[in-house]
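One structure is given below, encoded as structure tokens.
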Amino acid sequence: MVQRMKPPVGMPPVVRFSDGALEAIAEDLTTVPPERGGALMGFGGTCHLFVADTFGDYSVASWIISHEVSTAVGIIEERGAGTLMGTVHSHPAGVPDPSGPDVSTTTQALDLNPHLDDLIIAIVTKGRARACDLQIAATHRMSVHILRRQQGTAPALIRARVAVHPISKHLSDGRLVLPASTTVHQVLGEHPLAQQLARVQSIDGREVAALPVPGRPTATVLVDALHPVVPPLGVVASETPGGLKLEAYPYGWDASQPPGPQLAALVRELSLQPGEERLARVKPLVGVLTERKAVVVGAGSVGSRIAEDLVRCGVGKVTVIDPDTVASVNLARSVYTMRDIGLPKAAALVAHLRAINSNLETAALECSIAETDPDSLLPDNDLVVLATDDMQDQAYFAHWCYYLGIAHVACGIFRKGAAGEVTLVLPEASTSCWNCAVGVGSMAAASRPPTDYGLHGRLVGESALGPSINIISSVASQVAVGVLAGPGSPAGSPLGPLVAEGRTLGLVSTTPGWDFFPTLFADMAHQYEPQSVWLRIDRDPQCPVCGEHREAPLTRSQGTQAVDELKAVLLDDQSDGRQQVSYTDLSPSTAEEEALDTGPASGQPTPKLQGTDNMIEQRDTAQAASSGDAPGPQDPARTDHDALASHLSRNTGVNYRQRAVLIAALADSEATFRINCLREVHHVSYATARSDLSELVKLGYLRSERRGQALIFTAAPGLRDQVTAT
């Protein structure tokens, strides 16, 4: 016997119906005599499909449900188009609630479906809606009841109320259709309309309806049963060597805005095939770049904007590398929004890029450069954009790019965003490398912000206006696009003279009074911001990257091996700790070393650029100073310690701070060693090593003194024990 229960006042349970299902019920049951009905199907607890029983035995007083309804419901469930939720049928006027036979029939159905906890009994009659009823059309009402299982007792019949979800209306705004009605005849006869019922999928335990996007078979919109409280999700399928790949389409759903127009916009974006129309205004300048592939190293204010420019010009694949997450301070100068805060920068930028071109092939590497494998990552790419705050990592990747013959463009911002540098490196054209142009030994490096020890040697984040950064990064974007477009394109042809003349370092000023620019433009009163000068940078014959005797960068495994070898020597009690370790590539001039002695943390001004000719002259002078008092290659003082230290200095796969500490630890309490170089030695720079050693002095690990052109560091007592403990 069924218990008829009334819920507490004001607390009736809710049954959700889609607006499309209610329209189908009204159209079918209010236009014919009473005692007509059918099954209700749904997903995620929302009734969305009315299956009319066209085989039923109808009379003016009763509806005897047909066996064919059960068969049709089973077919629909097997196809994944919904789950049985109950029945709906019409009664004569004055009988608005379920009858005894209605409850009995539904109880039998509940017994036959042990996987269901309850079933709906919906009754449609003429009349005005009562409390909890729903008005159907102008003349009818619908009452809804739930027959629910109870542990150890008979099922309970509970009065419920209806919540209408306007799914169909919103979908129609986007030209999507969630079929809301079919008949038993159509299902059993495999009618085309029955074949087009929406498929239901389970994602993270939630059932959603999968609706194909018109005009684009590879795109689907997933609609949750709680739409629009739970926003829809666009999904795009693509063929990959590993099989079919599904990717979510990034779309910023705003719950405060009307759902219909937003859904229409989502479908419009998904149905758009990016191609001729989207690129119509850039194709004449760049050609077709859909096959071009680029790696963007650093997804900050510079890297994010360059990546966006590449995608808007039609580049087909972009790989983003960045270990950081989006913070609120990033919103002032990059492409990110508030919804990105806390997300990995690489993933957030990739989502932003795919919102521009859903066909874009992307990869997000949420790691540092040192954690990548350049030997396998880079060869398949046409361009690398270097936009990191870590100059050591940047030098490392630039070395790999040159070694593999991959074009790369680097962009850096100077203090306060007053100016910046853009470096173009084309190994195939034998241009100078990044290290020769803007490495630590270059005078341009003095204009960068100081390093922050708390960030492992990365450049300090300084105040700078977004527009200032945009000016400099836009110059880098134009160069990058020109490289990908090629010398025969309008975008690439201006780079030809620069490369031919070796003018591959661009200094871009965002303020009219920066450094030597006032002198250079003194006779041009009309000049203001921005301004740029492109300097000729000659290859250094001694450079291990682009010089006459080039060396391959170390792989991560080689770097790890080098550190292990050095540790073995460090911890060997039989090793001779009295030997002197010397780096001998270059001796700094007195003025340069005095400037570097102050260190980035001292607050003293660093050398400024003094003009284009003077810059190159100073660099050449520094190169010529390599014959200082450091021992040469044949010096008998160079022992295994020296060889390992030199080996470690070339280890670009290990963080330079770790190298500096290990190198410093070669000296014990009675030994000394010196750092006697200005420029980077295989990307272990004088400036960074010198700064790290100064930091070790502050921490009490080392003692230092000046002897002529060299800085001598003596290990503090107990250094070996401290390193061993570490």
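What's counted below: heavy atoms across the whole structure, side chains too, no hydrogens, waters or symmetry copies. Because the structure is predicted, anything quoted here is derived from the model rather than measured. Residue numbers start at 1 and run along the sequence shown.
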Taking Arg216 for its side chain and Leu270 for its backbone only, find out whether a donor-acceptor pair lies under 3.5 Å. yes
Full working for ring pair (Phe, Tyr, Trp, His ring centres under 6.0 Å) between Phe43 and His48: CA-CA 7 Å; Phe43 69 97; His48 78 289; 5.1 Å; yes
For a 4.5 angstrom cut-off between non-hydrogen side-chain atoms, does Leu360 reach Val350? no
Residue pair Trp63 / Asp102, side-chain donor-acceptor N/O under 3.5 Å: no
Pairing donors with acceptors under 3.5 angstrom, does anything connect the side chains of Gln150 and Thr153? yes
Tell me yes or no: between the side chains of Ser66 and Asp53, is some donor less than 3.5 Å from an acceptor? yes
Does the side chain of Val295 reach to within under 4.5 Å of the side chain of Leu383, using non-hydrogen atoms? no
What distance separates Asp57 CG from Ser62 OG, expressed to the nearest 0.5 Å? 6.5 Å
Please list all pairs meeting side chain to side chain donor-acceptor pair (under 3.5 Å) that have one or both residues in residues 164-185, counting only residues at least two apart or in different chains. Asp19-Ser168, Thr54-His185, Lys169-Asp173, His170-His227, Thr182-Gln186
Side chain to side chain donor-acceptor pair (under 3.5 Å) pairs touching residues 74-83, sequence neighbours excluded, are none
Assess, by modelled atom type and distance only, whether the side chains of Thr125 and Arg141 contain a donor and an acceptor separated by less than 3.5 Å. yes
Quick check for you: to the nearest 0.5 Å, what is the distance between Thr106 atom OG1 and Ile65 atom CD1? 8.0 Å
Are the side chain of Glu247 and the backbone N or O of Val235 linked by a donor-acceptor pair below 3.5 Å? no
Side-chain H-bond candidate by donor/acceptor type, Ser301 with Arg333, under 3.5 Å: no
Once side chain to side chain donor-acceptor pair (under 3.5 Å) is applied, what residue pairs with a partner in residues 30-43 remain, sequence neighbours excluded? none
Is there side-chain contact between Leu331 and Ile341, with heavy atoms separated by less than 4.5 Å? yes
Can you tell me which residue pairs pass the side chain to side chain donor-acceptor pair (under 3.5 Å) test with a partner in residues 187-207, sequence neighbours excluded? Arg206-Asp224
Of the non-hydrogen atoms in Ser473 and Ile306, which two are nearest, and what is the gap between them? O-CG1, 3.7 Å
Residue pair Val187 / Glu68, side-chain heavy-atom distance below 4.5 Å: no
Nearest 0.5 Å please: distance from the CG atom of Leu176 over to the CD1 atom of Ile167. 12.0 Å
Rounded to the nearest 0.5 Å, the CD atom of Glu27 sits from the CZ atom of Phe50 at a distance of 10.5 Å
Considering all heavy atoms of both residues, which atom of Leu266 and which atom of Gly234 are nearest to each other, and what is their separation? CD2-N, 4.3 Å
Tell me, which pairs form a salt bridge (Lys or Arg N to Asp or Glu O under 4.0 Å) where one or both residues lie in residues 106-123, sequence neighbours left out? Asp118-Arg148
Neighbour count above 12 (heavy atom, 6.0 Å) for Glu291 CD: no
Tightest non-hydrogen contact, residues Leu84 and Ala39, listed as CD1-CB, 4.3 Å
Leu377 backbone acceptor or donor facing Asn381 side chain under 3.5 Å: yes
Identify the two heavy atoms, one from Leu349 and one from Ala299, that lie closest to each other, and give their separation to 0.1 Å. CD2-CB, 3.8 Å
Flag side-chain contact, heavy atom, 4.5 Å: Val221 against Val213: yes
Side chains of Ser489 and Val286: closer than 4.5 Å at any heavy-atom pair? no
Any chance you could measure Arg149, atom CZ, to Leu110, atom CG, to the nearest 0.5 Å? 4.0 Å
Checking Arg130, Arg159, His91 against Asp97 for side-chain hydrogen bond (donor to acceptor under 3.5 Å, both in side chains), the one that qualifies is Arg130
Between the side chain of Asp340 and the main-chain N/O of Thr337, is any donor-acceptor distance below 3.5 Å? yes
Exam field: side chain Asn357 to backbone Arg354, donor-acceptor pair closer than 3.5 Å: no
Heavy-atom closest pair (Pro179 atom, Leu197 atom, distance to 0.1 Å) is CB-CD2, 3.8 Å
Regarding Glu366 and Lys345, does a basic nitrogen lie under 4.0 Å from an acidic carboxylate oxygen? no
Could you list the residues that satisfy side-chain contact (heavy atoms from CB on, under 4.5 Å) with Ala21, not counting sequence neighbours? Ser18
Go through the steps to decide whether Asp309 and Arg312 satisfy the test salt bridge (charged side-chain N to carboxylate O under 4.0 Å, His left out), and finish with yes or no. CA-CA 5 Å; Asp309 288 336; Arg312 292 191 185 279; 5.8 Å; no
Heavy-atom side-chain contact between Leu147 and Thr107 under 4.5 Å: yes
Are Phe17 and Met142 packed together at the side-chain level, in the sense that at least one heavy-atom pair is separated by less than 4.5 angstrom? yes
Which atom of Val481 lies closest to which atom of Cys313, heavy atoms considered: CG2-SG, 4.0 Å
Rounded to the nearest 0.5 Å, how far apart are OG1 of Thr220 and OH of Tyr249? 14.5 Å
Mark yes or no for whether Asn113, through its side chain, and Ala109, through its backbone, hold a donor-acceptor pair below 3.5 Å. yes
